[in-house]
Amino acid sequence: MRYAVLSDAHGNLEALEAVLKEAEAIGYDRLLFLGDFVGYGANPNECVELIREKAYLAVLGNHDSAVLHPEEADYFNEFARRAVLWTRERLTKENMNYLASLPFTAKPEGNILVVHASPHKPEKWDYILSIYDAEFHFGHFSEPICLFGHSHIPGIFIREPDGKITMIEDEPLKLDDSRRFLINPGSVGQPRDLDWRASFGLLDTEKRVFEFFRVEYDVDKAQLRIKEAGLPEVLAKRLAIGY
Ligand code: ZN
């Protein structure tokens, strides 16, 4: 099975369309979406509808949840909060209902766990950024592979049989049976690793390989739409830097 693994689209339709086109050109069997359909970008309805149409399964992200329960946005920074409230006013009832139907965790098959933020208490939206964080979270799921997003930073944490944790950035990795993996495909709609190109991954369970892909998209158009929508200008600016 070849899984296209996408996360954190954040209402950026230009990036999402470019990623879907590239994923379709490469070829995949099932698409997994790791949450945060909306927030930050100017096309939340289009992104929800497109992902819903394409995804085999999807989980709820913290921005999706905050659009449904706006009191959760009190914990966001000012710009993220404004984007959540802007999105809440515009999302159709049908798309709201779809987001409300999403689980915190899902399993496309027995060996693979899918979450937005972290396997331990996924509703707390903890970040996995360091080897220290990864070590803690490896203790809270049993599957060989956990796919997660939330940090917008592509990379893989690897747990060796002796318990040692290592990390690789965005290079292809052979997923052998003796080790366990926490894999982040990076963000489609708002990369934060100082590379502006949209990020996604491909998990091939037959070849047992995970690969990362970066896709150029019309960032000027995405920025213009954010400005025209009256969303905070900083949300447009950061797209060009990849932060
Ligand atoms: Zn996100």
Side-chain angles (χ1 to χ4, degrees), residues 5-16 19 31-48 50-52 55 58-70 72-88 91 95 98-99 102-106 114-119 121-129 133 137 146-155 170 182-201 212 214-215 217 219 222 226 231-232 234-239 241-243:
V5 185
L6 277 59
S7 191
D8 295 277
H10 283 294
N12 184 339
L13 183 62
E14 285 70 34
L16 178 61
V19 160
L31 191 147
L32 309 177
F33 187 69
L34 315 186
D36 276 358
F37 295 69
V38 300
Y40 301 128
N43 292 90
N45 282 307
E46 293 86 343
C47 287
V48 171
L50 197 49
I51 295 165
R52 183 183 183 181
V59 292
L60 186 74
N62 57 316
H63 289 251
D64 309 323
S65 184
V67 166
L68 298 166
H69 312 286
E72 293 176 12
D74 293 348
Y75 301 98
F76 286 19
N77 71 47
E78 183 203 333
F79 306 116
R81 185 169 58 249
R82 279 169 59 189
V84 159
L85 299 177
W86 180 94
T87 302
R88 182 176 162 84
L91 213 58
N95 288 337
Y98 171 67
L99 294 181
L102 295 171
F104 286 110
T105 66
V114 171
V115 298
H116 178 63
S118 66
K121 297 194 176 165
E123 73 285 359
K124 278 185 65 193
W125 315 116
D126 287 337
Y127 285 93
I128 305 176
L129 294 167
D133 300 334
H137 287 284
C146 174
L147 304 170
F148 73 103
H150 194 43
S151 69
H152 300 206
I153 309 230
D170 47 1
L182 269 163
I183 303 176
N184 189 326
S187 169
V188 170
Q190 195 198 74
R192 291 183 194 157
D193 59 342
L194 301 178
D195 181 341
W196 64 273
R197 296 173 302 164
S199 185
F200 76 102
F212 294 90
R214 297 308 281 251
V215 187
Y217 71 96
V219 70
I226 286 173
L231 283 159
V234 64
L235 300 179
K237 274 193 186 146
R238 65 189 299 177
L239 292 181
I241 316 164
Y243 185 71

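As the structure lists them, so they are numbered: ligands from 1, and atoms in each ligand from 1.
No salt bridge links Asp8 with Arg192; every basic N to acidic carboxylate O contact stays at or beyond 4.0 Å.
Under 3.5 Å, the side chains of Asn12 and Tyr217 contain a donor-acceptor pair of N or O atoms.
For the side chain to side chain contact (heavy atoms under 4.5 Å, CB included) test, residues two or more places apart in sequence or in another chain that qualify with Ala117 are Trp125, His150. In terms of the side chain to side chain contact (heavy atoms under 4.5 Å, CB included) criterion, residue partners of Leu129 (sequence neighbours excluded) are, by chain and number, Tyr127, Asp133, Ser151. In this structure, the side chain to side chain contact (heavy atoms under 4.5 Å, CB included) partners of Ala80, at least two apart in sequence or on a different chain, are Tyr40, His63, Phe76, Asn77.
For Asp64 (side chain) and Asp36 (main-chain N/O), a donor-acceptor pair under 3.5 Å exists by modelled atom type.
If you count the protein N, O or S atoms nearer to the Zn ion (ligand 1) than 2.8 Å, you get 4.
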